[in-house]
Amino acid sequence: MITSPSSSRRSESSRRATLEAALDLCTEKGYGRVTVEAIAARAGVSKKTIYRWWPSKSAVLLEAFTEALLLATPTSDTDDIATDLRTHVTGAVGVLSIPPYGPAYAGILSEVHHDDELAETVRTQLIEPRFEAVLTRLRSAQEQGQIPPGADLRLGVEMLYGPVYYRHVLRKPMQGADAVASLVDHVLRALGAVAG
């Protein structure tokens, strides 16, 4: 969740209404045509209320996207690293593949090139936590002897996420289950993982 100094005082019903309104408008009009004014009108809250909680429409949509991505990308530890990574990546692919989340995130990414505050928020509240969650799962597999001690786990995470976001940004068709399984297998082989 994107937090602000006043976030602890937010009305949960107004917050939910704002997030849902932003997503609905993004689906109906496209990211570029969504405005804070339209979000406020759809959600039944004031523009001032939105700006008290979020600095921009991008921040509203980022919070909605982040919530959806967190729910869809568990980092379970079932002792089967390949299965756990497949589940995680499949969840990310699923969120990025469907409106309003995929188009909303594409719009957010277009904004980060000229909005330093948004870029920092995306990095610290979305990218880094997801990266660290997968890194922790890979470390667990390493501790269990499934991945050799010298493997570059940070590079492994980048290799796992890279193709997913490459396809999203370039608007190429997203990976199906077989492609995700192949991606995970390639990454684990590159890390020197012991076949299960």
Taking every non-hydrogen atom, the tightest pair across Gly156 and Leu191: CA-CD2, 4.0 Å
Nearest heavy atoms of Leu126 and Thr66, plus distance in Å: CD1-OG1, 3.7 Å
Nearest heavy-atom neighbours spanning Ala106 and His168: N-NE2, 3.6 Å
Nearest-0.5 Å distance, NE2 of residue His186 to CE of residue Met159: 9.5 Å
Approximate separation, where rounding is to 0.5 Å, of Glu128 CD and Leu135 CG: 11.5 Å
Leu138 side, atom CG; Ile147 side, atom CD1 - distance, nearest 0.5 Å: 5.0 Å
Minimum side-chain heavy-atom gap Arg130-Val157 below 4.5 Å: no
Shortest non-hydrogen contact from Ala59 toward Pro55: CB-CD, 3.6 Å
Electrostatic pair Asp77:Arg139 at N-O distance under 4.0 angstrom: no
side-chain contact (heavy atoms from CB on, under 4.5 Å) evaluation trace for Leu188 with Ile81: CA-CA 9 Å; Leu188 289 175; Ile81 184 63; 4.1 Å; yes
Over 12 non-hydrogen atoms of neighbours within 6.0 angstrom of CZ in Arg189: yes
Thr27 side chain vs Leu23 backbone, donor-acceptor pair below 3.5 Å: yes
Partners passing side chain to side chain donor-acceptor pair (under 3.5 Å) against Thr78 (at least two apart in sequence or in another chain): Asp84
Residue from Val164, Val169, Leu69 passing side chain to side chain contact (heavy atoms under 4.5 Å, CB included) with Leu96: Val164
Any Gln142 side-chain heavy atom under 4.5 Å of Arg137 side chain: no
Residues in side chain to side chain donor-acceptor pair (under 3.5 Å) contact with Thr18, at least two apart in sequence or another chain: none
NZ/NE/NH1/NH2 to OD/OE distance under 4.0 Å, Arg15 and Glu63: yes
Charged N-O contact under 4.0 Å between Glu111 and Lys57: no
Audit row: Asp24, Lys29, salt bridge (charged side-chain N to carboxylate O under 4.0 Å, His left out) steps and yes/no: CA-CA 9 Å; Asp24 289 346; Lys29 299 175 177 289; over 6 Å; no
Aromatic contact, His88 with Tyr161 (centres under 6.0 Å): yes
OG1-CG distance between Thr75 and Leu85, expressed to the nearest 0.5 angstrom: 10.0 Å
Expected output: side-chain Ser110 to main-chain Gly107 donor-acceptor under 3.5 Å: yes
Atom of Ala40, atom of Ser46 and distance for their closest heavy-atom approach: CB-C, 3.9 Å
Verdict with reasoning, Tyr51 to Ser56, per side chain to side chain donor-acceptor pair (under 3.5 Å): CA-CA 7 Å; Tyr51 279 122; Ser56 63; over 6 Å; no
Tyr105 vs Leu61 side-chain heavy atoms within contact, under 4.5 Å: no
Full working for side-chain contact (heavy atoms from CB on, under 4.5 Å) between Leu160 and Phe131: CA-CA 10 Å; Leu160 193 65; Phe131 187 98; over 6 Å; no
Check against side-chain contact (heavy atoms from CB on, under 4.5 Å), Ile108 and Tyr31: CA-CA 8 Å; Ile108 290 163; Tyr31 178 88; 4.2 Å; yes
Test item: Arg16 and Glu67 side chains (from C-beta on) under 4.5 Å apart, heavy atoms: yes
Contact check, side chains of Trp54 and Leu19, non-hydrogen atoms, under 4.5 Å: yes
Modelled atom types, side-chain donor and acceptor of Glu120 and Thr124, under 3.5 Å: no
Residue pairs fulfilling salt bridge (charged side-chain N to carboxylate O under 4.0 Å, His left out) with at least one residue in residues 152-171, sequence neighbours excluded: Glu132-Arg154
Thr87 and Thr90: side chain donor to acceptor below 3.5 Å: no
Other residues, nucleotides, ligands: >12 heavy atoms within 6.0 Å of Gln144 CD: yes
Separation between OH of Tyr101 and CD1 of Ile98, rounded to the nearest 0.5 Å: 6.5 Å
Closest non-hydrogen atom pair, Thr73 against Gly91: CG2-C, 3.8 Å
Pairwise side-chain contact, Ser14 with Trp53, heavy-atom cut-off 4.5 Å (strictly under): yes
Full working for side-chain contact (heavy atoms from CB on, under 4.5 Å) between Glu28 and Arg42: CA-CA 12 Å; Glu28 293 167 20; Arg42 177 73 62 95; 2.8 Å; yes
Gln175 side chain to Ala181 backbone, donor-acceptor under 3.5 Å: no
